[in-house]
Amino acid sequence: MKLSLVLLCLVFTQAITAQNFEEAPQNPPFTGVDESSIAFADIDGDSDLDLLISGMTSGIGRSTRLYVNDGSGNFSEVVETPFEAVAAGSVAFADVDGDDDQDLIISGVTNSEHITILYINDGAGNFTEVEETLFWQVAFSSVAFADVDGDNDQDVMITGSTVWFFQIALYINDGAGNFTELLDTPFDAVNNGSIAFADVDGDNDPDVLITGQNDTYVEYVSTLYINDGLGNFSEVMDTPFEGVMYSTLAFADVDGDNDQDVLISGLNTSLERVSHLYLNDGAGNFIEALETPFAGTQDGSIAFADIDGDGDQDVLVTGWSDSGYISKLYSNDGAGVFTEVMNTPFDNVGKGSVAFADVDGDNDQDLMLTGEYFSNPDYMDVAKLYINNGVPSSVNDGAFNSAKGINMLLYPNPVVSEQLFVRYQSTQSGSVIVSVHDVRGQLISQQNEFAVTGEQNFEVNTASLTSGSYFLKLESAQETGTARFMVH
């Protein structure tokens, strides 16, 4: 169990401190856009993530551009793609025809019309438009893929506005990329909203949450529909969700209980900008988490990712807040308690899109951000990639413990009483310091123990600890170990 104290302290510090993002130099740069949508996918089969960006760019007009990755996070634009240039739309990748490559749907408004187009990938990143699909042509839209009927292919839901009215439709895939609209669905047609699939009730099929302005033009909705596993959905009544438009939403397990929670942002019917976090009980029943730090936004974007490698979901929120455009990163303590990370380098944007992905193959989550940025006295459109230089934490990873020779067990984990038990193998006799730290590395408690050679068992009193994520550190003259534990 011998390990360099310098090395372990480095890993411990990087696992629990704020992340180190820096803007990636791009030559040529990405074309800046607002009213935008972005999506990562490996479009050419080389095992790295390429990027599609659509939106409105000042001085040029509408834009849809594909950038391929060289595997190190260096992107180059693909020229002469068949994609329609759109803004105020949505883009989404999925393998729709079962040939193990990523196809694409683009919706939005061109210079002359609203569109929804399916493009098929040949596996090498060459796309061909599919003629005469049955998709409604929409803008101010949202597109999401999911296998709603359990037949192992990707169906798709599309919502937005046609030239004349709001629309929502669920299309069933036959496995070969041929889609048929499912009729008589219960969904509210919405505009300026968002849709996301997630299994909220633990029955292994995708349910769906839909936000936006419905076709009464005065009512804003956030409606949950439960799937029976065959693609038949029923509305859940009496949810706590506040209706919003100019909205965005994202699911993630924020509190480590293995179910899907949800963060929703947008403009409510009182014309207030809000951001609400709702926690799931595992059966699809949600309660609002109170006193969260999230800024209320409209015309924004939300993206969850484990940006610090500690095994929980952090979140970035962008959009138009009461204080102007923002891009705020919030760190999760593992129990769903979030703290804003200060002094991040991100441009504050609205009318944009954000997405996390490991673009440079170093096993951490980098960030792509687009939108409108205010630079006094003008507004400008941006598209920027930020590289995460943090080292992924492995303190809760068995592979790390094995590779570094650490042999420590914390139990029960999560802690359910006032005692945490520590078991480990000592290679020598002597004094041992047992310390508990919060996720920022601040020392909470410390006790001295005496170890002999062989298996050791210590008790740590956790009565004073609130719910959240913590790190326990063992340190002797020649042995050091670190492990993460939760308090519920």
Side-chain angles (χ1 to χ4, degrees), residues 39 41 90-107 116-120 130 132-138 141-160 162 165-191 193-212 214-215 221-239 241 249-253 258-262 264 280 282-286:
S90 185
V91 298
F93 286 100
D95 178 13
V96 303
D97 52 4
D99 62 352
D100 297 322
D101 56 40
Q102 294 295 300
D103 310 301
L104 172 67
I105 285 183
I106 297 176
S107 68
T116 302
I117 299 177
L118 173 64
Y119 298 91
I120 296 297
V130 178
E132 299 181 358
T133 62
L134 299 176
F135 301 132
W136 287 97
Q137 308 299 297
V138 292
S141 50
S142 185
V143 174
F145 284 100
D147 179 11
V148 302
D149 51 5
D151 62 353
N152 297 314
D153 56 40
Q154 292 295 301
D155 312 299
V156 67
M157 180 176 284
I158 302 172
T159 185
T162 69
F165 51 85
F166 298 169
Q167 184 57 261
I168 189 168
L170 176 61
Y171 298 91
I172 302 300
N173 188 354
D174 69 355
N178 304 304
F179 291 87
T180 303
E181 183 178 351
L182 186 64
L183 302 178
D184 299 321
T185 61
F187 310 123
D188 253 352
V190 294
N191 184 50
S194 187
I195 54 180
F197 286 99
D199 178 14
V200 303
D201 52 3
D203 63 353
N204 296 315
D205 56 46
D207 312 299
V208 68
L209 182 63
I210 301 171
T211 66
N214 69 13
D215 53 13
V221 301
S222 294
T223 309
L224 177 65
Y225 300 88
I226 297 297
N227 187 357
D228 69 354
L230 300 175
N232 303 304
F233 289 83
S234 56
E235 181 180 346
V236 179
M237 311 305 290
D238 300 321
T239 66
F241 306 134
L249 70 99
F251 284 100
D253 178 14
N258 297 315
D259 56 41
Q260 293 294 300
D261 312 300
V262 67
I264 304 174
N280 188 353
N285 305 302
F286 291 83

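No side-chain heavy atom of Ile168 sits under 4.5 Å from any side-chain heavy atom of Ile158. Put simply, the side chain of Val130 does not reach to within 4.5 Å of the side chain of Tyr119, judged on heavy atoms. Residues Ile117 and Ile105 have side chains not in contact (no heavy-atom distance under 4.5 Å, counting atoms from C-beta outward). Using a 4.5 Å heavy-atom threshold, the side chains of Thr162 and Gln167 count as touching. Counting heavy atoms from C-beta outward, Val262 and Asn280 have side chains that stay 4.5 Å or more apart. Between Leu104 and Leu118 there is no side-chain heavy-atom pair separated by less than 4.5 Å.
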Taking distance alone, no hydrogens or angles, what donor-acceptor pairs closer than 3.5 Å link side-chain atoms of residues 96-103 to residues at least two apart or in another chain?
{"unit_1": "Asp101", "atom_1": "OD2", "unit_2": "Gly123", "atom_2": "N", "d": "3.0"}
{"unit_1": "Asp103", "atom_1": "OD1", "unit_2": "Asn121", "atom_2": "N", "d": "2.8"}
{"unit_1": "Asp103", "atom_1": "OD2", "unit_2": "Val96", "atom_2": "N", "d": "2.9"}

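In this structure, the side-chain contact (heavy atoms from CB on, under 4.5 Å) partners of Asn232, at least two apart in sequence or on a different chain, are Asp228, Leu230. Qualifying side chain to side chain donor-acceptor pair (under 3.5 Å) partners for Asn227, counting only residues two or more places apart in sequence or in other chains: none. Shown here are the side-chain contact (heavy atoms from CB on, under 4.5 Å) partners of Val221, two or more places apart in sequence or in another chain: Asp188, Val190, Asn214, Glu219, Thr223. The side-chain contact (heavy atoms from CB on, under 4.5 Å) search around Val208 returns Met157, Phe187, Phe197, Ile210, Tyr225, Phe233, not counting sequence neighbours. Every residue meeting the side chain to side chain donor-acceptor pair (under 3.5 Å) condition with Asn178, not counting sequence neighbours, appears here in chain and number order: Asp174.
Here Asp238 contributes atom CG and Asn285 contributes atom CG; the two are 11.0 Å apart, rounded to the nearest 0.5 Å.
For the residue pair Ile264 and Ser222, the shortest heavy atom distance occurs at CG2-OG, 4.3 Å. Closest approach of Asp201 and Ala283 over heavy atoms only: CB-O, 3.6 Å. The shortest non-hydrogen separation linking Val91 to Ala39 is CG2-CB, 3.9 Å. Considering all non-hydrogen atoms of both residues, Trp136 and Ala169 come closest at CD1-CB, 3.9 Å.
With hydrogens and angles ignored, the 3.5 Å screen pairs no side-chain donor or acceptor of Asp261 with any backbone N or O of Asp253. Of the possible polar contacts, one joining the Ser142 side chain to the Ile195 backbone as a donor-acceptor pair under 3.5 Å is found. A donor-acceptor contact shorter than 3.5 Å is absent between the side chain of Asp155 and the backbone of Ile172.
The aromatic rings of Phe145 and Phe179 are tilted relative to each other, their planes meeting at an angle between 30° and 60°.
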Stepwise side chain to side chain contact (heavy atoms under 4.5 Å, CB included) check, Thr180 with Tyr171: CA-CA 5 Å; Thr180 303; Tyr171 298 91; over 6 Å; no

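When the options Val156, Val143, Val138 are evaluated for a side-chain contact (heavy atoms from CB on, under 4.5 Å) with Thr116, the one that passes is Val138.
Side-chain atoms of Ser141 and Ser107 include a donor-acceptor pair closer than 3.5 Å.
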